[in-house]
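Below is one structure, written out as structure tokens, with a few remarks after it.
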Amino acid sequence: MQNRIVHLIDADPSETRINVEGWIRTKRDSKNFCFFEINDGSCLKNLQVILDKSTSELSEVITHISTGASVTFTGILVESPGKNQKVELQAEDVILHGEAPADTYPLQKKRHSLEFLREIAHLRPRTNTISAVARVRNSLSFAIHSYFQEKEFIYVHTPIVSASDAEGAGEMFQVTTLPLDDIPKDNGVVDYSKDFFGKPANLTVSGQLEAEIYAMALKNVYTFGPTFRAENSNTARHLAEFWMIEPEMAFCTLEGDMAVAEEFLKYIFNYVLNHCEADMAFFNKWVQKGVADGLKEVVDKPFIHLPYTDAIKELTSTKKEFEFPVSWGADLQSEHEKFLTEEVFKAPVIVTDYPKEIKAFYMKLNDDEKTVRAMDVLVPRLGEIIGGSEREYRYDVLTRRLDELGLDPKDYWWYLDLRKYGSVPHAGFGLGFDRVVQYVTGMQNIRDVIPFPRTVHNAEF
RNA sequence: UCCCCUGUAGCUCAGCUGGUAGAGCGGGUGACUGUUAAUCACUAGGUCGGAGGUUCAAGUCCUUCCGGGGGAGCCA
């Protein structure tokens, strides 16, 4: 655990003999000296190791050390005469744990395309970009827990397998133990009484409804876990398996919801800017120019609040031509969201009070009977990063809404019970964690910010 | 799922209006003065995504299937 390279590169020279473990990134060999760059994933930088071949008996073993090999060097940290590093390890001994034959090892010193790296997802964390993503992803996870824990939210584990057929947030993966080549049927209808749970079950598409249950007892809760959508969407922003964060707050209206969403985003962005400086500088320079600078701006500026109706006015009063027509009642398209965040306000925008027809049944109906207390946080570059709402907490209005939408109240019995017993205004939001990582790092494709992307026709590794 | 682009050496790509393939990097071998995308010399790698078709002749044109990318829809 000691001697991680992130600390060694800034350490002072010392007479103490130390061990350094890691993987070889490059080797520069000449007659008398051999230089290695060794990386252990603790940071982007490598530690330079120098080996004096004239005084060492290691000439044989170092011919087997090539890019990708795993080694432990023993030596002394000395001041480096070279200009690119403060210190370097003067090696006295080396253990070669595992060779990486250069004629077949796929990773080279040069840059690889992210598409190629995706095909070797078992080796790609050994690259600068993917390891930096892993560290930022880790820090963001920590920051998320840290924010909610500081605010005394309770972390709730909502189920992965859900037999509730009420969520309706997207296409679901069915979970079954029925034999697919011989499904038991009763008059042509699948006999789910023979299935594991005795009824149809799916992988969860959202933990929100279950989170509401716990909010109705613990006041402020959040979920942070995997979510699944079986949608045939093939874009740089969609995964079939992704991680979602869903806070839910009792005694809270949309105003409180928006305030938390803004504070939360700023907190986690700020955390990463402060704790992953080197990685963020890397993204800022090589992955997407100015991504870290843009993040700083988001942290400093107040978010714009804009009712849907005003957003429509904004979009219809511009001379800009849109591919999709703008009209009250239609959902905002990607191009509209981009226009608002990137051209009109140049800042994150929270659009509120959408028409009820384009939002979910559980959102609180406004007095106009036309709009609901929904909010979407839109950010430049990415579009919607957060979707949330104040929930409909009035029993009679909720049952009326279910009725209007042709939904069966029996399927929502426990959800309705929450409105029957001790109901209270409450609100929450959801955000896709992987999209946050994407936004923060500036990575173009969501498949490169999750270690093992699951997408249509792709579940390798 | 729809629209557009694309698939040539291990990687990144070039290959004009059809005449059976090239570069850089990487690999191997050797040289080398503390190198840092090291350098220099030599060298080996490809039935041009698969299957059909047009043609005297196909990497190049056509059909189709399969990958990959961009955009859209769905959404987080």
Side-chain angles (χ1 to χ4, degrees), chain A residues 25-38 45-54 63 66-68 78-85 88 90 100-120 123 127-128 168-171 204-208 226-246 322-324 331-338 358-360 376-379 382-388 429-439 444-450 455-458 460:
Chain A
R25 282 296 181 80
T26 79
K27 170 181 166 187
R28 293 180 291 274
D29 205 5
S30 67
K31 192 178 187 180
N32 298 322
F33 293 97
C34 188
F35 292 93
F36 299 95
E37 299 276 335
I38 179 171
K45 284 196 176 156
N46 307 316
L47 180 69
Q48 174 162 290
V49 176
I50 178 166
L51 200 133
D52 186 343
K53 294 207 280 195
S54 60
T63 61
S66 55
T67 301
V78 298
E79 192 178 337
S80 175
K83 12 180 162 159
N84 293 1
Q85 59 280 322
E88 63 191 17
Q90 206 153 55
D103 55 338
T104 54
Y105 187 61
L107 290 174
Q108 305 172 2
K109 299 177 214 182
K110 61 174 264 182
R111 240 192 102 150
H112 291 290
S113 69
L114 292 165
E115 291 80 24
F116 171 67
L117 292 178
R118 238 172 264 155
E119 292 169 12
I120 49 167
L123 298 172
T127 63
N128 286 342
E171 291 296 313
T204 184
V205 293
S206 162
Q208 182 203 311
T227 313
F228 308 86
R229 303 275 167 92
E231 267 142 30
N232 184 15
S233 42
N234 210 296
T235 79
R237 306 184 298 125
H238 286 85
L239 292 165
E241 175 182 305
F242 63 99
W243 287 65
M244 195 149 69
I245 300 122
E246 294 174 294
F322 294 111
E323 192 189 335
F324 291 90
D331 209 350
L332 299 182
Q333 303 291 322
S334 296
E335 56 173 345
H336 306 144
E337 297 180 349
K338 280 186 181 158
I358 57 173
K359 289 290 177 186
D376 283 0
V377 180
L378 313 177
V379 290
L382 194 76
E384 184 187 332
I385 196 167
I386 282 183
F429 59 86
L431 74 160
F433 179 58
D434 313 275
R435 283 192 185 170
V436 172
V437 181
Q438 212 186 339
Y439 181 70
Q444 297 289 310
N445 198 309
I446 201 164
R447 295 165 199 209
D448 301 320
V449 303
I450 187 166
T455 54
V456 188
H457 292 306
N458 192 351
E460 194 68 42

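Side chains are part of it too, since the values below use all heavy atoms of this structure and drop only hydrogens, waters and symmetry mates. Chain identifiers are assigned alphabetically (A, B, ...) following the order of the sequence lines, protein sequences preceding nucleic acid strands; residue numbering begins at 1 within each chain.
- Atoms CG (A:D331) and P (B:C74) sit 7 Å apart, rounded to a whole Å.
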* Asked: Yes or no on side chain to side chain contact (heavy atoms under 4.5 Å, CB included) for A:N46 and A:I38, after CA distance, side-chain angles and deciding distance?
  -> CA-CA 5 Å; A:N46 307 316; A:I38 179 171; 5.9 Å; no
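- Residue A:Y105 is out of contact with every strand shown, counting any heavy-atom pair closer than 4.0 Å.
- With rounding to whole Å, A:F429 atom CZ is found 18 Å from B:C75 atom C1'.
- Among the protein residues, A:D434 comes within range of no part of the nucleic acid, since none of its heavy atoms lies under 4.0 Å from any strand.
- Distance noted for atom P between B:G18 and B:G52: 24 Å (whole Å).
- Comparing the P positions of B:U43 and B:U33 gives an interatomic distance of 24 Å, to the nearest angstrom.
- Contact annotation: A:S334 does not reach the phosphate of B:G71 (side-chain N/O to OP1 or OP2, under 4.0 Å).
- Remark: the separation of the P atoms in B:U17 and B:U36 is 42 Å, to the nearest Å.
- A:T227 comes within contact range of no nucleotide atom at all, as no heavy-atom separation falls under 4.0 Å.
- A:S66 places a side-chain N or O within 3.5 Å of a backbone atom of A:A100 that can act as its donor or acceptor partner.
- Along RNA chain B, the nucleotide nearest A:G430 and the nucleotide nearest A:L107 are compared for position; the residue whose nucleotide lies closer to the 5' end is A:L107.
- For the P atoms, the distance linking B:A31 with B:A23 amounts to 26 Å, nearest Å.
- Candidate nucleotides B:G70, B:G73, B:A38 were compared by shortest atom distance to the side chain of A:S233, and B:G73 ranks first.
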Between the protein and nucleotides 11-15 of chain B, are there any N/O to N/O pairs under 3.5 Å, and if so, what are the atom names and distances?
| unit_1 | atom_1 | unit_2 | atom_2 | d |
| --- | --- | --- | --- | --- |
| B:C11 | O2' | A:H112 | ND1 | 3.4 |
| B:C11 | O2 | A:K110 | NZ | 2.7 |
| B:U12 | OP1 | A:S113 | OG | 2.6 |

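- Computed from coordinates, the A:L431 CG to B:C75 P distance equals 18 Å when rounded to whole Å.
- We find that CZ of A:F322 is positioned 16 Å from C1' of B:A72, with the value rounded to whole Å.
- With both pairing distances under 3.5 Å, B:C42 is matched to B:G28 as a Watson-Crick or G-U wobble pair.
- Nearest heavy-atom pair across A:L382 and A:R237 is O-NH1, 3.8 Å.
- To the nearest 0.5 Å, atoms CG (A:L117) and CZ (A:R111) are separated by 9.5 Å.
- Closest of all the heavy-atom pairs between A:N128 and A:R25 is OD1-NH1, 2.8 Å.
- When the salt bridge (charged side-chain N to carboxylate O under 4.0 Å, His left out) test is applied to A:K359, the partners found at least two apart in sequence or on another chain are A:D376.
- Figure legend. B:U1 is base-paired to B:A72; pairs are counted as Watson-Crick or G-U wobble with both atom distances under 3.5 Å.
- Straight-line distance between the C1' atoms of B:G46 and B:C13: roughly 14 Å, to the nearest whole Å.
- In this structure, A:N232 and A:R447 both approach RNA chain B, and ranking their closest nucleotides by distance from the 5' end singles out A:N232.
- Atom CD in A:E88 sits 13.0 Å away from atom CZ in A:F36 (nearest 0.5 Å).
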* To do: List the steps and the verdict of side chain to side chain contact (heavy atoms under 4.5 Å, CB included) for A:E37 and A:R28.
  => CA-CA 9 Å; A:E37 299 276 335; A:R28 293 180 291 274; 2.9 Å; yes
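- Atom CD in A:E384 sits about 8 Å away from atom C1' in B:C75, given to the nearest Å.
- Pair check for B:G34 finds none; no Watson-Crick or G-U wobble contact set falls under 3.5 Å.
- Here the CG atom belonging to A:N445 is positioned 11.5 Å from the CD1 atom belonging to A:I450, to the nearest 0.5 angstrom.
- For A:N445 and B:G70, the shortest distance from a side-chain N or O to OP1 or OP2 is below 4.0 Å.
- Across the protein-nucleic acid pair, A:N128 atom CG and B:U36 atom P stand 18 Å apart, rounded to whole Å.
- Across the P atoms, B:C16 and B:C62 are found 14 Å apart, a figure rounded to whole Å.
- Between B:G59 and B:G19, the two C1' atoms lie 12 Å apart (nearest whole Å).
- Comparing the same atom, C1', in B:U12 and in B:U6 gives a spacing of 15 Å after rounding to whole Å.
- Here A:N84 reaches the OP1 or OP2 of B:A37: one of its side-chain N or O atoms lies under 4.0 Å away.
- Not one side-chain nitrogen or oxygen of A:R28 sits closer than 4.0 Å to the OP1 or OP2 atom of B:U35.
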* Tell me, for nucleotides 28-34 of chain B in 5' to 3' order, what letter each nucleotide earns: B for a base near a protein heavy atom under 4.0 Å, S for only sugar-phosphate near one, - for neither? -> S---BSB
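- Figure legend. B:U54 is base-paired to no nucleotide; pairs are counted as Watson-Crick or G-U wobble with both atom distances under 3.5 Å.
- In this structure, A:F324 has its ring center no closer than 6.0 Å to that of A:H336.
- Within 90° of 0 lies the glycosidic angle of B:G45, which makes this nucleotide syn.
- Of the possible donor and acceptor atoms, one in the side chain of A:Q438 sits under 3.5 Å from a partner among the backbone N and O of A:Q444.
- Across the protein-nucleic acid pair, A:E171 atom CD and B:G73 atom C1' stand 14 Å apart, rounded to whole Å.
- Whole-Å rounding puts the A:F36 CZ to B:A38 P distance at 13 Å.
- With hydrogens and angles ignored, the 3.5 Å screen pairs no side-chain donor or acceptor of A:T455 with any backbone N or O of A:L239.
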